[in-house]
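Given the structure is predicted, the values throughout are model-derived calculations rather than measurements. FYI, side chains are in, hydrogens and waters are out, and symmetry mates aren't considered; it's all heavy atoms of this structure.
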Amino acid sequence: MEDIASLCRKETTLSVMQISLLMRMSVVFPFVADLAHGELKVYVRARQQDAFLLIAQERPHTIYMPGKPEAVGRIVRSIEEPIVEDTFRTGRPGRGKREWNYGSMIDMYTFGIHDGDKVIGVLNFEVDADKLSIDGYLHLLEAAVMVLQYARRSLDPEQFRPITASDGVLLTDAHSRIVFADAAAQRIYRVLGVGSLRGCHLFDRQLTQHVMRETVERGRPWQKEITAGGLILIRREIVIQEGGATKMRLVILSDVTDTRAKDKEIRIKSAVIQEIHHRVKNNLQTIASLLRLQARRSKSEDVKAALQESVNRILSISVVHEYLSQQGSEDIDVQEVMEHIFDLAARNMTDRHFTIHTEFKGARLILPSKCASSVALVLNELVLNAMEHAFLGRREGLIGLAVKEGKDHWHLDFYDDGIGLPDDFAERPRKSLGLSIVRTLVEGDLGGTFVLENDERRSGHGTHARLKLPKAQPNPTDGAA
């Protein structure tokens with residue numbers, strides 16, 4: 001959809017200054033539609049004679065209105081909108097009715113946008129007044145127009161963010177006396193022991209006596225978080241001024257008590273989960289230490305090697321829990337976990353004179369924690385397998401991980417520049433525990449595929465373990481008896 005400026009430049013004779021004025025006012029269009037509880041339309045004169053251009057259309061968030069097609073950019077003949085035409089011609093506000101749906105009428109309120117003595121645009125509110133049944137509704141409509149006039153200057157869009165149906169709205173006169181309070185605002189103050197709001201001074205002790213705490217948000221001097229009578233409220237105040245004098249105060253109250261309670265509950269649960277991950281990590285490291293102690297006491301080299309493999313597997317899982325305990329997130333970065341596994345493998349190598357180089361290529365891969373341990377174990381087994389078999393008779397080697405994102409799958413290529421697979425590898429019986437673990441985890445737990453092959457570009461040197469993992473991870477309970 002084209003923006004207001006481009007539409008006006010193409011379809012109207014408005015000046016740059018007039019277009020700039022409409023652009024500044026457009027910041028508050030959604031806000032005033034919510035305030036007026038009606039659909040807002042903004043018309044300007046089109047280049048062609050006796051026609052308007054619809055440059056803005058905003059539907060309210062504060063009341064349900066039946067859906068109508070988006071019409072921004074449409075040219076409308078002036079004969080189709082006689083009330084809009086009358087406001088263009090006279091500059092005076094207009095009021096009337098139009099057919100909304102077959103047999104259903106809706107109220108129309110029009111107001112002119114002036115550039116000096118000239119009307120350059122018309123605001124049209126379409127309101128279902130019969131369903132609204134808001135006592136003192138004209139105060140809301142007047143406030144909406146005052147906000148639009150106030151928006152001729154540059155404003156902070158955040159201050160005029162949309163209003164929700166559950167927000168309370170208070171309006172005051174120039175002397176800060178409340179002239180309008182909607183049902184939501186009355187309900188909030190009723191909880192605080194205040195019966196009638198109209199006629200009260202906004203800063204009357206009666207309205208503030210239950211306030212226990214007030215916090216002004218940094219960078220938002222117009223917004224406070226208030227704790228009062230067991231409620232937590234966000235109080236947003238808009239002061240409409242003219243010539244340095246206050247004309248109206250508009251206060252929007254949002255009850256965020258339940259939201260804050262849920263946020264607190266989530267923070268507590270997150271802290272508990274992080275502590276659990278931390279304790280699991282510590283327990284796994286304790287088990288690894290016990291296995292190391294057992295390996296040192298064993299006189300069998302085969303037993304020592306088997307225990308060391310188990311230590312590495314346990315520590316690769318502990319890496320995941322350490323990551324989750326520090327991040328406070330239930331997702332893991334595969335590259336970061338891989339770096340830890342590389343480091344573990346290098347530190348636990350028997351040959352301290354061997355130098356291993358590592359590298360990463362491709363996109364960052366973030367996976368949910370439910371498959372993190374499986375992925376970590378797979379990568380650990382591939383690293384150990386490469387360390388044990390790929391670099392026989394060498395003093396250094398390269399292992400790396402390349403990640404590529406497909407439409408429905410992640411493609412992981414774990415590779416090395418070692419001696420490659422023997423020619424009869426495919427015919428050999430599969431006795432490797434590590435590769436059996438990899439195949440079981442990839443195909444069973446992760447629902448993916450696993451292929452081990454030589455690097456064709458290096459004449460048999462170098463091995464690629466290619467993993468294809470679905471983006472939507474299978475439910476671990478699927479297929480359970």
Side-chain angles (χ1 to χ4, degrees), residues 280 284 306 309-321 323-324 330-342 344-345 360-390 399-416 418 420-456 462-481:
V280 170
L284 289 171
E309 286 185 4
S310 297
V311 166
N312 283 347
R313 288 174 183 133
I314 291 168
L315 290 178
S316 69
I317 299 174
S318 79
V319 165
V320 174
H321 289 284
Y323 180 90
L324 293 172
E330 285 304 294
D331 296 330
I332 67 160
D333 186 321
V334 170
Q335 280 88 330
E336 286 193 30
V337 170
M338 190 65 179
E339 287 176 5
H340 286 290
I341 292 174
F342 280 156
L344 281 172
F360 299 95
K361 298 178 182 177
R364 305 296 294 187
L365 174 55
I366 308 297
L367 291 178
S369 62
K370 66 182 180 180
C371 60
S373 294
S374 297
V375 172
L377 266 176
V378 166
L379 295 176
N380 177 75
E381 295 302 326
L382 293 174
V383 169
L384 293 178
N385 191 66
M387 296 286 221
E388 183 177 355
H389 302 290
I399 54 178
L401 179 68
V403 177
K404 183 178 179 182
E405 184 177 4
K407 182 179 179 181
D408 301 313
H409 292 79
W410 287 100
H411 301 271
L412 280 67
D413 179 12
F414 179 88
Y415 56 89
D416 62 62
L421 301 172
D423 294 336
D424 61 343
F425 178 77
E427 286 76 30
R428 290 187 180 186
R430 297 177 180 176
K431 296 181 180 180
S432 169
L433 175 61
L435 292 182
S436 297
I437 291 173
V438 170
R439 195 172 301 279
T440 300
L441 290 173
V442 171
E443 297 177 356
D445 286 8
L446 301 173
T449 59
F450 168 64
V451 176
L452 193 63
E453 59 190 13
N454 280 327
D455 189 338
E456 298 178 356
T463 307
H464 288 265
R466 305 187 191 277
L467 286 72
K468 184 178 179 182
L469 305 179
K471 289 185 175 179
Q473 292 297 321
N475 191 319
T477 60
D478 289 349

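- Checking side-chain atoms of D416 against main-chain N and O of T463 turns up a donor-acceptor pair under 3.5 Å.
- The closest side-chain heavy-atom distance from L382 to I399 is not below 4.5 Å.
- When every heavy atom of F450 is checked against every heavy atom of L435, the shortest pair comes out as CZ-CD2, 4.3 Å.
- Atom-to-atom distance recorded for L384:CG and H389:NE2 is 9.5 Å, nearest 0.5 angstrom.
- The backbone N or O of G406 sits less than 3.5 Å from a side-chain atom of K471, completing a donor-acceptor pair.
- Listed by first then second residue, pairs satisfying ring-ring contact (aromatic ring centres under 6.0 Å, His included) with a partner in residues 360-383 read F342-F360, not counting sequence neighbours.
- Here the side chain of Q335 pairs a donor or acceptor atom with the backbone of A363 at under 3.5 angstrom.
- Taking each heavy atom of E381 and V438 in turn, the nearest pair found is CB-CG2, 3.4 Å.
- Looking only at side-chain heavy atoms (C-beta outward), L467 and T449 stay at 4.5 Å or farther from each other.
- In this structure the side chain of D333 reaches within 4.5 angstrom of the side chain of R364, judged on heavy atoms.
- Of all heavy-atom pairs spanning A465 and L452, the tightest one is CB-CD1, 3.7 Å.
- Every side-chain contact (heavy atoms from CB on, under 4.5 Å) that S374 has, sequence neighbours left out, goes to L441, D445, L446.
- Put simply, NE2 on H464 and CG on L412 are 13.5 Å apart, with the number rounded to the nearest 0.5 Å.
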* To do: Decide side-chain contact (heavy atoms from CB on, under 4.5 Å) for R466 and E453; before the verdict, give the C-alpha distance in whole Å, the side-chain angles of both, and the deciding distance to 0.1 Å.
  => CA-CA 8 Å; R466 305 187 191 277; E453 59 190 13; 2.5 Å; yes
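- Pairing each heavy atom of F414 with each of A386, the nearest pair is CE2-CB, 4.3 Å.
- With a 4.5 Å cut-off on side-chain heavy atoms, V403 and V334 do not count as touching.
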